[in-house]
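Read the structure below first, then the notes.
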Amino acid sequence: MFTLLVRLPDETVEVTAIARDDAGGLVATSTTRVSGAELAETIRIGEATATRWVWDDTAKWYPRLLEQGLRVERCVDLRLCHAILRLSAATRGTPIHGATRGPWDVPQGAIVDSTALFVVEPESLPDPLAEFLAQRSAIEASPGRAGLELLTAAESTGALIAVEMRRRGIPWSADRHDALLADRLGPRPAPGERPQLLQEALTEVRLALDAPDLNPDSPAELVRALRAAGLQVTSTRQWELSRLEHPAIEPLLRYKKMQRLLVANGWAWLDAWVVGGRFRPEYVPAGAATGRWGTSGGGALQLPRAVRGAVVADPGWTLVVADASQLEPRILTALAHDEAMARAGDGDLYEGIVASGAVATRAEAKVAMLGAMYGATQGDGGRLLPRLARAFPRAIALVEEAARVGEQGGVVSTFLGRSSPPPGSMVDELPPENGRAQADSGMRAWGRFTRNFVVQGTAAEWALCWLGILRRELGRRFGTGADDPHLVFFLHDEVVIHAPVESAEAVAALVEEAAAEAGRLLFGRAPVRFPVTVAVVTTYADAK
DNA sequence: CACTGATGCGCG
DNA sequence: AAAGCGCGCATCAGTG
């Protein structure tokens, strides 16, 4: 059932079969040692018998296997599962719960050992067999066992998908990208030169501010120039500038838009990140504390709409682009068993909220809902919250309670059992407060984090299940070869599948079925729908 | 010169 | 100068 793989310092791999003994406990039954070359055969045999591979870190193992054409169906990513189980409230009382940070608490792909700061050999993390057995004990003893079984399995499958997607890459047309840039910025300039349209906008700004040498990319200098022109600004942010009346403002905002595109996704980006017609970001499963994925390299989490026209299917292929509609409020509905909100979500959720009489317009419904999940206290979100609470008391009570727990220093958990980190443990937290007011503000901020954690984190679990089901079914129905439809992009509540044209309709149907199945997998027969918007397109820009 | 934090803005 | 969550990245400005 389980086979543990451990890479030794000499590059050989220790293969340990793990099975249940008569008492139902897990024990290592046999250990062999294979060379790198022999490993391929081990994997092939194991795949034929539905083995779940156990290894320290998918990001370290799986790229090399894929390189050899070895796709793996199931695994246990000990590093990712360790992070879940160490913090989970559902493992309280087990040795892994609350363990001090150790060698397993490292970033994806990290290479460490206990004796040195830097180690070159891709050695496995220390004592993976003990770690695995400790994890299994913690899961099997947990009152939240079912949730943790699903969560750790989905997390591990996600790690496989992350590596597979990077290997396939997002189909990216450098020619289209170049044309898009030329259209918006002017033709590609010589190195060190500004593109023509930026230069023109900048000239207008300098003229209007009477600042011929202005460096528009220096916020400090720009603020000085704007103030010298009589404008009361404290920053150079868009939203602050856009409310000013001055001839410099329009060209300045135009400049900033273009500069942003140039700097973030201009020709330099294209040269650096698109190779052989593919963009290959590195995905970082659970890069966020909520379980959402992060990415690294190329800013894949923030692909601007302006360049999505460069994502183009290969000839004879198509892109199936799908996103889960209003995922987070629907997740909240299921978490809170809010039947009124479930009824509102029968069709478009925000229209349903309007129909309930809680608010007047769809826009109000949206901002009120987001405000409730983020903890808005002011503005339209804060103002509309009481009306939402009257119409949907259960849903609002759930997020209010999550906020209260956080403000009091407590821990909240997602539906499947991922728990929020204890306050004070996150690196990026607010600086140590000195005054009472600052301390209170810090606790309120933490309350907003825990408030959102339960919703965002459970949405991430739903998405992970959706993704896992999609992968499994794509494999079953179409195969896993180079010419078969495959996932190429995933972003929180959205997926892109690159598919041969003839399979597009079947893939699109599958995406919807998988969403419904993910809902059932998490929430059983709860009356909450998880509709997806699916588009079959040639370019990503044409989706929604 | 290399590093760090702040700024600003793109995405869900 | 955001209000209201979660990210990544480029650039500037200040420091060692």
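These values consider heavy atoms only, across backbone and side chains, with no hydrogens, waters or symmetry-generated copies. Residue numbers start from 1 in every chain, and the chains themselves are labelled A, B, ... in the order their sequence lines are given, proteins ahead of strands.
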Take atom [atom1] of [X] and atom [atom2] of [N], then tell me their distance rounded to the nearest Å.
| X | N | atom1 | atom2 | result |
| --- | --- | --- | --- | --- |
| A:Arg243 | C:dA1 | CZ | C1' | 9 Å |
| A:Gln326 | B:dG12 | CD | C1' | 14 Å |
| A:Lys257 | B:dC9 | NZ | P | 8 Å |
| A:Ile331 | B:dG12 | CD1 | P | 18 Å |
| A:Tyr540 | B:dG10 | OH | C1' | 13 Å |
| A:Met373 | C:dG4 | CE | P | 15 Å |
| A:Leu231 | C:dA1 | CG | P | 18 Å |
| A:Met369 | C:dG4 | CE | P | 17 Å |

For C:dA13, give the paired nucleotide (Watson-Crick: N1-N3 plus N6-O4 or O6-N4; G-U: N1-O2 and O6-N3; both under 3.5 Å), or none.
B:dT4
Expected string for nucleotides 6-16 of chain C under the B/S/- scheme (protein heavy atoms, under 4.0 Å, primed atoms plus P, OP1, OP2 as sugar-phosphate) is BSBSSSSS---
For C:dG4 versus B:dG5, give the span between their C1' atoms, rounded off to a whole number of Å.
24 Å
Under 4.0 Å: is that the gap between some side-chain N or O of A:Lys256 and OP1 or OP2 of B:dG8?
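For B:dG8, neither OP1 nor OP2 has a side-chain N or O of A:Lys256 closer than 4.0 Å.
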Would one find a side-chain N or O of A:Arg305 under 4.0 angstrom from OP1 or OP2 of B:dG12?
yes
Look at the rings of [X] and [Y] and say which category their plane angle falls in: under 30° parallel, 30 to 60° tilted, over 60° perpendicular.
| X | Y | answer |
| --- | --- | --- |
| A:Phe530 | A:Phe523 | parallel |
| A:Phe449 | A:Trp446 | tilted |
| A:His486 | A:His498 | perpendicular |

Determine whether the side chains of A:Thr533 and A:Ser325 contain a donor N or O and an acceptor N or O closer than 3.5 Å.
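Short answer, yes.
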By nearest heavy atom, map A:Gly382 and A:Ser235 onto DNA chain C; which one lands nearer the 5' end?
A:Ser235
Hey, are A:Asp542 and A:Arg308 close enough for a salt bridge, meaning a charged N less than 4.0 Å from a carboxylate O?
no
Can we call the ring centroids of A:Phe279 and A:Trp269 under 6.0 Å apart?
yes
Determine, stepwise, if the pair A:Glu494 / A:Lys544 fulfils salt bridge (Lys or Arg N to Asp or Glu O under 4.0 Å).
CA-CA 12 Å; A:Glu494 183 173 348; A:Lys544 74 180 169 191; 3.7 Å; yes
